[in-house]
Amino acid sequence: MNIGKLRLAAITVCVIVSGCQMERNTISIIPQPVSMRPGQDMFVLMRKTTILSADKNTRNEASQLADSLNAATGLHLRTTDLNSDYQIRLFLVDSMTFLGNEGYQLNAASNAVEIRAFKPAGAFYGCQTLLQLLSKTSEGKWQIPCVEIEDYPRFRWRGMHLDVCRHFMPAGFVKKYIDLLAMHKMNTFHWHLTDDQGWRIEIKKYPKLTEIGAWRDGTQIGHNSAAKKKYDNVHYGGFYTQEQIREIVAYAKARHINIVPEIEMPGHCQAAVAAYPELGCTGKSVGVMQGWGVSENIYNVREETFQFIEDVLTEVMGLFDSPFIHVGGDEVPKTQWKQDAYAQAKMKELGLKNEEELQSWFIHRIDTFLTKHNRRLIGWDEILEGGLAPGAAVMSWRGEVGGIEAAKAGHDVVMTPGNYTYFDHYQADPKTEPMAIGGFTTLEKVYHYEPVPAALDADKAKHILGAQGQIWTEYIAAPQQVEYMAYPRAVALAEVLWTPKDKKDYADFIQRLQIHSKRLDRLNVNYCPLDKAGFLTPKIRRRKDGFVSISCFVPSAQIYYTLDGSEPTAKSKQYAGSFPLPDGGTIQAVAVSDDKAGPVVKANFGPCKKDWKILAADSTQPGEDAANAIDDNPETWWQTEYLEKSPAHPHTLDIDLGKTYKLKGATYTPRPSGGNGTIKECEFYASPDGKTWMLAGKGLFEDIKRNLVEHPAVFEKPIEARYLRFVSIREINGNPWASVGEIGIIIEK
Ligand code: TNX
């Protein structure tokens, strides 16, 4: 819409100074602390203010606090071990075990700010909170409101991942990424260092890994779903020297962040095979992969290859002191093992039934090796297939199923489900966004993620260590774009992982995030603008009784809407409460706040679907989305998830429309999904009674457009029916990914 046309009353906003806090005395901390008691007065920072670190174990925290305060205020506060007035004091208290290793108490009074913790990590988090309390008065004084805070995290593993293989990220940026994690009280950085498209860690014993494996002669242009693949033919790559890695590990440690290195095996290793073809199954030389997707070039299972892996892991363990070492284990095509005489002979010798068991044996072997060196193996949920090594932990990425299974079997789990934690997915309307892999994971969706699946009893739930956000970089070529995809979603995830469940409140989070975004501005973080990330996106919902309500998260925003198909502007009807729309129609709405208009949202409603019901859907996770579809969403839609886990092709969905309608056709609208799956061919059946079905029409979607374009399947002739069945009979590239889409029904009026 044309913002220039809008005439808006000026809305006063509080002046935000130096990115720390608003001038008015509001406390706005992210993640939200466990408990807070605001007082009356202020602690004012002066030139003579010092930072007391009585215990040498808080020197690191004290000096980092001094540095951060200097960056924020320009003041140079000295650190000292002498007690005096007007101090910021850090204490470690042996009896404060109840705070855990990461908890703290912060007590800000007018003459001192005291942070107490059981361990240095707690003191560090207290300092992060202190920084978020800082604000500047109109006279230019820096101050902290008096407050008592007690705080500790809900989960032990609060992480973000970064893939530096598909696109390399410079060491300096990795440090900035770590700084941002620390600021949000995250404690784990999962560094994805090796993959088909590049090997990024120097290994002294195998120099070709980086001489050859870190470079490729071109990079795919465009989306992987394009029929014709194109490459830029530009030499591309990079790697980290061991010296750089040591420095980054120490940098992270000082910020209480553990770096979990990932060395992929037995698949996602084409870059290593390019460097040393003898590691592969075919013996043929391959280049470093230039395109996206999964390579069939996997490691062979010869002794020499295990020796290579153990040598690599030995150097890795020398660099990283992480208790966990990530070995990947995901997406291993078995084609080459099936054709490799050595692999087949090995299976026979070991009495293994299939290649999945061979993979399981492979991972067990590496687990034994890591365990011997006092480390624990962690891998993606495919490592569950064919039996999981006893001490191993799992990252559940293909939904939550793997995580539930692993936790039930007593394994530790980090939740990383694609639908909630893959920040390479779109976060706003794909039409307005830079190209991403697909998916649609909004800030709000991330905020409402609950890492402990309801299916787990308390004694099993304790195996859920936490969760982590993923940044896969196929479509993310530069640091700025990493920031764009990670933020503000990582902020929402930080609160999911730190704040007690019952203290979470999205509307309140949004208020705090608006202040927090100024802090991010100051740190030059290229986050997705908040109006795009959902703040000013109107939500149009229709209840079962046919009443429509429109809302958005900025309370001061005005919402304008149209019902006649025209684009809404500030001259359109202003929304002032819910209104009835039982027969359906098209609503377009826009929210406007502070001279800014959010995106126009369009919703098509058919006749009120209050009697519609999903009867059966054979996907693994039909429940939530299918049920919602009926009440709230303009279209009835259904997600097929993880076809691999649900081999019962064809997928079907039965809908009871509650009464007989004349059906003219149906539509399929692919949602840009996390992977490449799209339905190419489907059939619709109609039934008067839910028992006898007849074919009503077919959908053939050969040149299907992704990204929410509706594809109609018109029935040859209208058909009277109460029940409709959707059957997908051909899906491409659906393995292991989902074909996610919406099913619409066209009804003759
Ligand atoms: C699947 S997640 C992968 C990655 C891709 C990612 C893209 C996982 C364990 N494997 O190799 O980059 O999808 O979203």
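All values below come from the heavy atoms of this structure, side chains included, with hydrogens, waters and symmetry mates left out. Just follow the structure's listing: the first ligand is 1, and inside any ligand the first atom is 1.
Here is the list of ligand 1 atoms found below 4.0 Å of a heavy atom in I437: 7 (C), 14 (O). If you number the atoms of ligand 1 from 1 as listed, the ones under 4.0 Å from a heavy atom of Y422 come out as 2 (S), 8 (C), 14 (O). Here is the list of ligand 1 atoms found below 4.0 Å of a heavy atom in D424: 7 (C), 14 (O). Near E474, the atoms of ligand 1 lying under 4.0 angstrom from a non-hydrogen atom of the residue are 5 (C), 7 (C), 12 (O).
In this structure, H268 has a heavy atom closer than 4.0 Å to ligand 1. Residue R166 places a heavy atom less than 4.0 Å from ligand 1.
For ligand 1, the polar-atom distance check against W397 finds no nitrogen or oxygen pair separated by under 3.5 Å. Residue W380 has no N or O atom closer than 3.5 Å to an N or O atom of ligand 1. Checking only distances, H425 never comes within under 3.5 Å of ligand 1, N or O to N or O.
Heavy atoms of E331 found under 4.0 angstrom from ligand 1 belong exclusively to the side chain. Contact annotation for D163 and ligand 1: no heavy atom of the residue comes within less than 4.0 Å of the ligand. At a 4.0 Å heavy-atom cut-off, ligand 1 does not touch Q470 at all. With a 4.0 Å cut-off on non-hydrogen atoms, V294 does not touch ligand 1 at all.
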Q: Under the side-chain hydrogen bond (donor to acceptor under 3.5 Å, both in side chains) rule, what do T335 and E296 come out as? Steps first, then yes or no, please.
A: CA-CA 7 Å; T335 338; E296 289 193 344; 3.2 Å; yes

(Q) Test side-chain hydrogen bond (donor to acceptor under 3.5 Å, both in side chains) on Y240 and E202; report intermediate values, then the result. (A) CA-CA 6 Å; Y240 309 100; E202 179 190 22; over 6 Å; no

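By the 6.0 Å and 45° rule, R200 does not stack over the aromatic ring of F168.
Taking 4.0 Å as the cut-off between side-chain N and carboxylate O, R398 and E385 count as a salt-bridged pair. A salt bridge links K532 with E433: the distance from a Lys NZ or Arg NE/NH1/NH2 to an Asp or Glu carboxylate oxygen falls below 4.0 Å.
For the side-chain hydrogen bond (donor to acceptor under 3.5 Å, both in side chains) test with Q336, the passing option among N297, T282, N300 is N297; the others fail. Tested against L370, the residues R365, M317, R376, E310 include a single side-chain contact (heavy atoms from CB on, under 4.5 Å) partner, M317.
The aromatic ring centres of H425 and Y475 sit 6.0 Å or more apart. For an aromatic pair to be called close, the ring centres must be under 6.0 Å apart, and W472 with H192 satisfies this.
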